[in-house]
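Remember, it's a predicted structure, so these values are computed and weren't measured experimentally. For reference, positions follow the sequence shown, starting with 1.
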Amino acid sequence: MKDKQFKFPDAGSIKCFDREGQETRVSPQDELWGQNGCFVVNPMSFTKLAKGAKKLSDDATRKDGFCMVLDNNTGLVWEVKSSKKEEVNFCEDKYTWQDAQKYIKKLNAKKYGGFSDWRFPNKDEIRSIIDYGKTNPAVDKRYFPNCKSDLYWTANTYNMQKPFIWGIFFGLGSGICYTPSSERYVRAVRGGYAKNFGKPDTSRFKDNGDGTITDTLTGLMWQKGENERMDWYSALKACKSMDLAGHSDWRLPNLKELNSILNLDYTNGWWYYKDFFPAEGLKPPLLHYFSSTPYEGIYVWVTNFCFGYDGYYASKNAKLLFRAVRNVSVPKEKEEALFRFPDSGQKRCYDEDGNNIKTPKPGDRYYGQDGSYIINPLSFTKLAEGGSELKESTTWQKGIRMVRDNNTGLIWEVKSPVSGDVNYIGDCYNWEDAFAYVKELNKKGFGDFRDWRLPGREELRMMVDYNGQIPATDQKFFPDCLPAFYWSKDSNNKEPVFGWGVYFAYGCAICYLKTSYYPVRAVRGGYNPDFGNAAKYNFKDNGDGTVTDMNSGLMWKKDEGPNLNWEEAMKHCQELNLAGYNDWRLPTIREIGSLLDLSYKDEVWFHKEFFPGTQTAPLGFYWSSSTYGDTFGWGVNFQFCYDGYYAGKKEGRYPFRPVRNVNSLVQGS
């Protein structure tokens, strides 16, 4: 182990939410800045271990020897429960508090994992593995399989009311207490980089004499005094604007941080370390303190410093207490992932007769076709339940449940090969039932998430790989994709009996009767929530003959190009100098398709306000730079709103619309 320095772990994979409880992105200028999801300090990090602490890959299972987990932040090593009844740490076994201690002795007698120094975890230790971005259980199941949504014993007695014992409820992550005679679960621990972590210890606190207290264990600096009661939004703002002891980077603490200053010894009848946090003028029992950690989007976790409980969540509009915190070493703001409009995936280049040719260079014939450029190459990451990243080779059996598009941030469900599963690969739906299917997916919490939705047509097109394979997707990441039509959420606003979707045999966007039965692939997330939303198109006329699509980052020529064949259209774009730019090119099939207006505003399928000269007659066909089936050129039809059209490159003479990226291009090899 290279780094054995204790780091106090973050609260988990926490999102940011708006006032209505909907997931949102927050910037430092926003009024909602300061909530848990805005910061990354020490992200939760685990390593799977086999007997003798041998490191394993992230996709290792019990069959590979996986029996322990190292928390890379704290150095604590946790037992991993077995699903086999005959093994010493069967996941279904429950114990009274006294019997739980006997269980630990039994684990040591058998040298579980090759070690005999297993012990009972204290409250802060077992809380450190809670992921407050998850529920039922509130833990990363990839590293803690067979974890129950129930109470797990700790070594701490509830000194306010003996003989009760503290435990952590892994359904939500709350700390509560129970009588020691009740039967609950146990998870043993060993090791750790800080011997005093979770132990009542006043020596770790330093009064700086300037209204601040430093916790030398966690690396947190606390506001010593109190603040007036206010709602959560006001508390966020107050912390953000606070200037104390020469520091202006104060924030509201997350739930793990807030609970690290609970005094579990209950010294002199106080759950505070009263010498450091005196709580002057405050009276029990309403000593609830806000954390920055949301619960279910609309609530927020709080801790009660009158009774020591953190199993509470409150309305964000409630007026409660709070205490500001900052990191001695400055935390990183959570990096905002940027939306990138992905390439089509086409890598091969062709001449007008369909012959595969070497990638042309500037000045060569056929330069400017799709395969000439690498801008935002297709990029995907396999994900396990809860969103943990997996190796590219991971299969369904090894835990893949989702795939993230690293360009758009869209996260796609992976279909199950098991008949009877909620998202079995062979199931088909009519358009209305497709929405019901997504509701069922959320009800069951597929992949540990409940924000799945039916994709828009434009979102669904982002899955397509136009490199010529059937089905038209990257089979390394979507081996479950059928060469079939998949529903989108978009209705055909001209003829509402039809619903839009994508035919994945070739990758074209078309529509079918809503009563027909076809597959569905649900989606969640996305770096730009407005992208693909027909109600939130965002174009800007630059006043210089160009129009910028603010959602895609593409700049378009406002007027039409002349009717030319495929090679002539590419050459025209290469030679174009407009608005001071000379990096114009013929758009890919994915790019030109993004200009179709699915809202059918003004009863046309194009954005009439920004591109008034769009031709819909005699065909409405516009060239793209992409090749279909070696010989033909892909295009889009602005008369019918389809992008599943193609034409002869040599004979066909059609309009086109030059495009460029607002950001610079990366030349293909």
Side-chain angles (χ1 to χ4, degrees), residues 8 10-11 14 16-19 21 26 28 30-39 41 127 132 173-175 205 207-208 210-215 218-245 247-263 270-274 276-328 331:
F8 191 79
D10 291 353
I14 310 297
C16 290
F17 298 91
D18 62 19
R19 288 178 179 265
V26 181
D30 296 337
E31 63 171 357
L32 294 176
W33 179 258
Q35 53 184 297
N36 199 156
C38 296
F39 300 99
V41 185
R127 182 197 305 285
Y132 288 98
S174 48
F205 294 108
D207 191 326
N208 301 310
D210 55 5
T212 70
I213 303 292
T214 297
D215 183 342
T218 61
L220 297 171
M221 180 182 289
W222 293 89
Q223 176 191 9
K224 182 174 183 177
E226 298 294 331
N227 302 284
E228 63 177 288
R229 298 177 190 271
M230 58 184 74
D231 63 49
W232 188 69
Y233 303 104
S234 299
L236 289 175
K237 184 178 180 180
C239 291
K240 180 182 176 182
S241 60
M242 185 177 291
D243 193 334
L244 175 62
H247 303 292
S248 57
D249 56 349
W250 297 94
R251 57 184 173 82
L252 205 58
N254 68 46
L255 188 60
K256 284 184 184 177
E257 292 170 333
L258 184 58
N259 286 302
S260 72
I261 59 171
L262 273 170
N263 179 5
W270 284 88
W271 292 102
Y272 284 99
Y273 289 98
K274 195 175 180 182
F276 299 96
F277 307 105
E280 295 175 1
L282 298 179
K283 296 180 180 180
L286 299 178
L287 302 187
H288 295 83
Y289 280 69
F290 275 129
S291 78
S292 64
T293 307
Y295 172 72
E296 295 291 323
I298 57 174
Y299 301 106
V300 63
W301 281 105
V302 300
T303 293
N304 186 327
F305 277 83
C306 179
F307 298 113
Y309 281 105
D310 62 12
Y312 293 88
Y313 50 90
S315 166
K316 295 175 181 177
N317 294 313
K319 291 191 174 182
L320 303 179
L321 297 163
F322 66 97
R323 176 172 270 110
V325 74
R326 62 177 295 272
N327 288 77
V328 175

Contacts of [X] that satisfy salt bridge (Lys or Arg N to Asp or Glu O under 4.0 Å) - sequence neighbours left out:
X: D210; value: none
X: D215; value: R204
X: E226; value: R323

**Study point:** Partner set under ring pair (Phe, Tyr, Trp, His ring centres under 6.0 Å) for Y273, not counting sequence neighbours
**Key:**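 Applying ring pair (Phe, Tyr, Trp, His ring centres under 6.0 Å) to Y273 gives F205.
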
Exercise for review: Please list, chain by chain and in numerical order, all residues satisfying ring pair (Phe, Tyr, Trp, His ring centres under 6.0 Å) with W250, sequence neighbours excluded.
Suggested key: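 Checked W250 against ring pair (Phe, Tyr, Trp, His ring centres under 6.0 Å); zero matches.
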
Can you name the residues that form a side-chain hydrogen bond (donor to acceptor under 3.5 Å, both in side chains) with [X], not counting sequence neighbours?
X: T293; result: N36
X: Y272; result: Y289
X: K237; result: none

**Study point:** W301 ring center near Y295 ring center (under 6.0 Å)
**Key:**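 Yes, close enough.
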
Provide the closest heavy-atom pair for [X] versus [Y] in the form atom of the first, atom of the second, distance.
X: A235; Y: F290; value: CB-CD1, 4.4 Å
X: R251; Y: V41; value: NH2-CG2, 4.2 Å
X: N254; Y: S291; value: C-CB, 3.9 Å
X: L320; Y: H288; value: CB-O, 3.6 Å
X: S292; Y: V300; value: C-CG2, 4.4 Å
X: G37; Y: C16; value: C-SG, 3.5 Å

Check: [Y] and [X] side chains under 4.5 Å, non-hydrogen atoms:
X: W271; Y: N304; value: no
X: K224; Y: D207; value: yes
X: Y233; Y: E31; value: no
X: N208; Y: M221; value: yes

So how far is it from [X] [atom1] to [Y] [atom2], rounded to the nearest 0.5 Å?
X: D18; Y: L32; atom1: CG; atom2: CG; answer: 7.5 Å
X: D10; Y: E257; atom1: CG; atom2: CD; answer: 7.5 Å
X: W270; Y: L287; atom1: CH2; atom2: CG; answer: 7.0 Å
X: R19; Y: I298; atom1: CZ; atom2: CD1; answer: 14.5 Å
X: F305; Y: N263; atom1: CZ; atom2: CG; answer: 10.0 Å

Review point. When you look at L252 and W232, which way does the side-chain contact (heavy atoms from CB on, under 4.5 Å) test go after all the steps?
Key: CA-CA 9 Å; L252 205 58; W232 188 69; 3.5 Å; yes

Practice item. List for me each residue that meets side chain to side chain contact (heavy atoms under 4.5 Å, CB included) alongside N227, sequence neighbours excluded, and say none if there are none. Key: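 N227 satisfies side chain to side chain contact (heavy atoms under 4.5 Å, CB included) with Q223, M242, F322 once adjacent residues are dropped.
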
Check your understanding: When L220 is tested against each of T214, N327, I213, I261 for side chain to side chain contact (heavy atoms under 4.5 Å, CB included), which residue passes?
Key ->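 Result for side chain to side chain contact (heavy atoms under 4.5 Å, CB included) with L220: N327.
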
Point to revise | Residue pairs passing the side chain to side chain donor-acceptor pair (under 3.5 Å) test where at least one lies in residues 309-322, sequence neighbours excluded | key: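 Listed once each, the pairs are R127-D310, N259-D310.
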
Practice item. Could you check Y132 against I14 for side-chain contact (heavy atoms from CB on, under 4.5 Å), going step by step and ending with a plain yes or no? Key: CA-CA 7 Å; Y132 288 98; I14 310 297; 3.8 Å; yes

